[in-house]
There are 2 protein chains.
Amino acid sequence: MSITSDLIRGHTDTIVLSQLMSGDSYGYEINKVVAERTGGVFELKEATLYTAFRRLESAHLIESYWGDEQTGARRRYYRITPNGREAYKRLLNEWQIAKSILETLIHVKESRT
Amino acid sequence: MSITSDLIRGHTDTIVLSQLMSGDSYGYEINKVVAERTGGVFELKEATLYTAFRRLESAHLIESYWGDEQTGARRRYYRITPNGREAYKRLLNEWQIAKSILETLIHVKESRT
DNA sequence: GTAGTTACTTCGCCTGTCAAAGTATATTTT
DNA sequence: AAAATATACTTTGACAGGCGAAGTAACTAC
């Protein structure tokens with residue numbers, strides 16, 4: 001696991017849902033977009049991403065369908081469901097909470113005496 | 001696992017080191033301070049905390065010694081080492097990076113076309 | 001023809017979290 | 001005095017998410 005990736009751990013679902021909020025997409029593309037948007041600093045590992053797809057689909061937060069590409073490798077597209085949109089909002093909110101908890105806890109307070 | 005705790009996951013070491021930056025402390029106390037500082041919203045589970053102590057100690061980021069209480073239960077105190085202080089700074093920095101990566105990735109961008 | 005890119009899938013290991021149960025001492029309540 | 005509560009630490013075992021590795025398959029470029 002790279003330096004940052006275990007800090008991002010737990011946010012994979014949020015990242016994927018966020019990408020799908022902008023429109024249907026597929027694994028390989030999401031992977032690239034994520035890498036691009038972070039300037040290559042962060043990337044979702046393939047196995048991690050496809051694990052997330054399966055997890056999200058069985059939770060009915062996303063749905064999948066095969067693309068009808070005439071050429072190139074087949075693509076499995078994912079679409080966010082209404083449930084997924086709600087979950088996304090909830091996750092965004094949880095992130096705000098987690099962030100504030102962390103900011104509170106990881107900065108040094110004055111020495112106790 | 002509670003809602004927020006898997007988002008905090010991975011930051012336990014940082015939280016513990018941060019507490020020890022303010023002075024030596026022991027498990028039970030750190031647990032209470034963490035709960036207090038977050039207004040009871042978040043708490044480290046005992047098993048998680050003591051697991052973290054063992055992990056940090058074997059990485060030489062903290063050291064332990066028994067307190068000399070005349071009364072009450074014995075306490076195992078922890079002290080942050082110079083290595084630990086460096087690690088803490090590094091972890092703080094990684095948090096900044098992780099935070100900016102997440103802020104970049106979890107907010108919806110304009111629809112692609 | 002073979003090396004590289006696009007694209008998805010499965011397997012199995014690793015790590016961190018945590019519920020649960022246990023040990024031990026001191027204090028408070030009944 | 002017995003029981004309950006608080007302080008304080010420890011171990012065990014299970015679970016979930018991340019991910020390295022290896023594989024499948026089709027197309028593209030040299």
Side-chain angles (χ1 to χ4, degrees), chain A residues 1-17 24-36 42-59 61-62 64-78 91 94 98 101-102, chain B residues 1-17 19 24-36 42-59 61-62 64-78 91 98 101-102:
Chain A
M1 240 194 273
S2 80
I3 345 129
T4 40
S5 75
D6 54 334
L7 299 185
I8 308 285
R9 192 198 154 102
H11 298 277
T12 306
D13 292 0
T14 316
I15 294 171
V16 170
L17 290 176
D24 295 7
S25 189
Y26 56 97
Y28 204 79
E29 189 182 43
I30 289 182
N31 233 349
K32 282 202 301 180
V33 170
V34 164
E36 275 167 30
F42 178 72
E43 57 157 348
L44 288 171
K45 303 306 175 319
E46 274 191 314
T48 303
L49 180 60
Y50 290 109
T51 301
F53 280 147
R54 259 173 264 123
R55 185 170 51 238
L56 289 167
E57 190 162 27
S58 57
L61 304 183
I62 62 175
S64 67
Y65 55 94
W66 287 104
D68 60 347
E69 292 71 43
Q70 307 301 319
T71 180
R74 83 236 140 108
R75 299 172 178 167
R76 187 193 280 279
Y77 282 87
Y78 292 92
L91 288 169
E94 283 175 21
I101 289 174
L102 276 168
Chain B
M1 239 194 275
S2 80
I3 344 129
T4 39
S5 76
D6 54 332
L7 300 186
I8 309 284
R9 193 198 155 103
H11 298 275
T12 306
D13 293 358
T14 316
I15 293 170
V16 171
L17 290 176
Q19 295 304 311
D24 297 6
S25 189
Y26 56 97
Y28 203 79
E29 190 184 43
I30 290 183
N31 231 350
K32 282 202 301 181
V33 170
V34 163
E36 273 167 33
F42 177 71
E43 56 158 347
L44 288 170
K45 302 309 175 317
E46 274 192 313
T48 303
L49 180 59
Y50 290 108
T51 302
F53 280 146
R54 261 173 260 124
R55 184 169 54 238
L56 290 168
E57 191 162 25
S58 56
L61 303 183
I62 61 176
S64 68
Y65 55 94
W66 287 104
D68 61 347
E69 291 73 40
Q70 308 301 321
T71 180
R74 84 235 141 110
R75 300 171 177 168
R76 187 193 280 279
Y77 281 86
Y78 292 92
L91 287 169
I101 289 174
L102 276 168

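Below, read A as the first sequence line, B as the second, and so on, with proteins coming before strands; counting in each chain starts at 1.
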- prompt: Got a second to check how far B:Glu43's CD is from B:Ile8's CD1, nearest 0.5 Å?
  reply: 12.5 Å

- request: Report yes if at least one side-chain N or O of A:Tyr50 is closer than 4.0 Å to OP1 or OP2 of C:dT9; otherwise report no.
  value: no

query: On DNA chain C, nearest-nucleotide positions of A:Ala47 versus A:Gly72: which is more 5'?
result: A:Gly72

task: Please state whether the base of C:dC18 and the side chain of B:Glu46 form at least one donor-acceptor pair under 3.5 Å?
output: no

task: Look at A:Arg55 and D:dG18 and indicate whether a side-chain polar atom (N or O) is within less than 4.0 Å of OP1 or OP2.
output: yes

message: Just to be sure I understand the rule, does B:Thr48 reach a base, reach only the sugar-phosphate, or reach nothing, if contact means heavy atoms closer than 4.0 Å?
response: base

- request: May I ask you to check whether A:Tyr78 and A:Tyr26 place their ring centers less than 6.0 Å from one another?
  value: no

message: Between A:Arg75 and C:dA7, is there a contact of a side-chain N or O with OP1 or OP2 at under 4.0 Å?
response: yes

message: Would you say B:Thr12 places a side-chain N or O within less than 4.0 Å of OP1 or OP2 belonging to C:dT17?
response: yes

message: Is the phosphate of C:dT6 approached by A:Tyr28 (side-chain N or O, under 4.0 Å from OP1 or OP2)?
response: yes

message: Side chain of B:Arg74, heavy atoms from C-beta onward: which of D:dC9, C:dT17, C:dA7 has the nearest atom to it?
response: D:dC9

task: For the side chain of B:Ala73, starting at C-beta, report the closest nucleotide among D:dA8, D:dC19, C:dT17.
output: D:dA8

- prompt: Just by distance, do the side chain of B:Thr48 and the backbone of B:Leu44 share a donor-acceptor pair under 3.5 Å?
  reply: no

query: Would you find a donor on one side and an acceptor on the other, under 3.5 Å apart, between the side chain of A:Glu57 and the backbone of A:Ser64?
result: yes

task: Report yes if at least one side-chain N or O of B:Arg54 is closer than 4.0 Å to OP1 or OP2 of C:dG16; otherwise report no.
output: no

message: By the 4.0 Å heavy-atom rule, please label B:Thr51 as base, sugar-phosphate, or nothing.
response: base

